[in-house]
Amino acid sequence: MRRCIQCGTCSATCPFSHVMDYTPRKIIYLIREGFKEEVMSSFTPWLCASCFSCRVRCPKEIKITDLMYLIKREAIKDNHYPQKAPIVLLTKESVKMIHKNGRISESYLMGIVLLKVSFLKLLRMSGLGLKMLLTGRFTLIPEKIKSRGELKKILAFSNKKVEENSK
């Protein structure tokens, strides 16, 4: 991050920078200046589309997308993120579901997120969910992979590598 020249190319190429509270360039600036509270409570990392445009165009080859993932991981670990934000809950529940079942069941995931965001939204969406259920588009039973033990070993190894690289 010290290599960042604050040129703003990352922010100019980001497809979602116009809806972010801080642009990617500003996030790097805030981190460098020690504004951890602002960074951790920002919606910016949660709105990152992981399109890697910022990373590809950065003249200093800064891995900005990786930085956004790191911020999200730290925010979840510290339980310090915008509470009740649907995108945050979606990410958190997706990761939890992958760790538990080895895959994501969209219907189950949406039900959990809608229930935590707003019970009224869940009720409003129930008609659509019922139609999808009746046409076999999804099931209420979460799908699981067979080798969950192997997946847990892979995820533990991956988490260990991420922690080593972030030091």
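- Smallest separation of non-hydrogen atoms from Cys48 and Thr65: SG-CG2, 4.3 Å.
- Counting only heavy atoms from C-beta outward, the side chains of Leu128 and Met110 never approach each other to under 4.5 Å.
- Interatomic distance, SG of Cys4 versus CD1 of Ile64, reported as 7.0 Å (0.5 Å rounding).
- When side chains are defined from C-beta on, Met68 counts as touching Thr44, because their heavy atoms get closer than 4.5 Å.
- His80 places a side-chain heavy atom less than 4.5 Å from the side chain of Ser41.
- Within a 6.0 Å radius of CE in Met132, other residues, nucleotides and ligands contribute more than 12 heavy atoms.
- Here the shortest heavy-atom pairing between Ser11 and Ser17 reads O-OG, 3.0 Å.
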- Message: side-chain contact (heavy atoms from CB on, under 4.5 Å) for Tyr69 and Ser50? Distances and angles first, verdict last.
- Response: CA-CA 9 Å; Tyr69 281 111; Ser50 303; 2.5 Å; yes

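- Taking SG from Cys54 and NZ from Lys63, the interatomic distance works out to 12.5 Å, rounded to the nearest 0.5 Å.
- Across Ile5 and Pro59, no two heavy atoms sit closer than the pair CD1-CG, 4.3 Å.
- Leu70 and Phe43 are not part of a single hydrophobic cluster, where members link through side-chain heavy atoms under 4.5 Å apart.
- Among all heavy-atom pairs drawn from Phe138 and Gly129, the shortest one is CZ-O, 3.2 Å.
- The shortest non-hydrogen separation linking Pro45 to Lys72 is O-CE, 3.3 Å.
- The neighbour count for Arg137 CZ, taken as heavy atoms of other residues, nucleotides or ligands under 6.0 Å away, does not exceed 12.
- Atom CG of Leu115 and atom CD of Glu93 lie 10.0 Å apart (nearest 0.5 Å).
- How far OG1 of Thr9 is from NZ of Lys60: 11.5 Å, rounded to the nearest 0.5 Å.
- Here the shortest heavy-atom pairing between Leu151 and Gly102 reads CD2-CA, 3.2 Å.
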- Apply side-chain contact (heavy atoms from CB on, under 4.5 Å) to Leu90 and Lys116, showing your working. CA-CA 10 Å; Leu90 186 65; Lys116 288 185 176 183; over 6 Å; no

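- Between Asp66 and Arg55, some side-chain heavy-atom pair lies under the 4.5 Å cut-off.
- There is a path of hydrophobic side-chain contacts, each under 4.5 Å, that joins Ile145 to Leu155.
- No more than 12 heavy atoms of other residues, nucleotides or ligands sit less than 6.0 Å from atom OH of Tyr29.
- With a 4.5 Å cut-off on side-chain heavy atoms, Leu67 and Ile31 count as touching.
- Stacking of Lys160 on the aromatic ring of Phe157 is not recorded, the 6.0 Å distance cut-off and the 45° axial limit not both being met.
- No side-chain heavy atom of Arg3 sits less than 4.5 Å from a side-chain heavy atom of Ile28.
- In terms of modelled atom types and a separation under 3.5 Å, the side chain of Ser105 and the main chain of Tyr108 share no donor-acceptor contact.
- Counting non-hydrogen atoms of other residues, nucleotides and ligands closer than 6.0 Å to CD1 of Ile141 gives a total of 12 or fewer.
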- Item | Candidate pair Glu38 and Ile27, rule side-chain contact (heavy atoms from CB on, under 4.5 Å), full reasoning | CA-CA 9 Å; Glu38 286 78 1; Ile27 287 289; over 6 Å; no

- Would Met97 and Lys100 count as a side-chain contact (heavy atoms from CB on, under 4.5 Å) if you check the C-alpha gap in whole Å, the side-chain angles of each, and the deciding distance to 0.1 Å? CA-CA 5 Å; Met97 195 173 285; Lys100 184 177 178 188; 5.8 Å; no

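- Exactly one of Lys26, Arg25, Arg32 qualifies for a side chain to side chain donor-acceptor pair (under 3.5 Å) with Gln6. That residue is Arg25.
- Follow the hydrophobic side-chain contacts under 4.5 Å out from Tyr22 and you never reach Phe16; the two are in separate clusters.
- The structure places NZ of Lys92 at 8.5 Å from CH2 of Trp46, a figure rounded to the nearest 0.5 Å.
- Taking a 6.0 Å sphere around CZ of Arg2, one finds it holds 12 or fewer heavy atoms contributed by other residues, nucleotides or ligands.
- Linking Ile, Leu, Val, Met, Phe, Trp and Tyr residues whenever their side-chain heavy atoms come within less than 4.5 Å leaves Ile87 and Val95 in two separate clusters.
- Val39 and Met20 are not part of a single hydrophobic cluster, where members link through side-chain heavy atoms under 4.5 Å apart.
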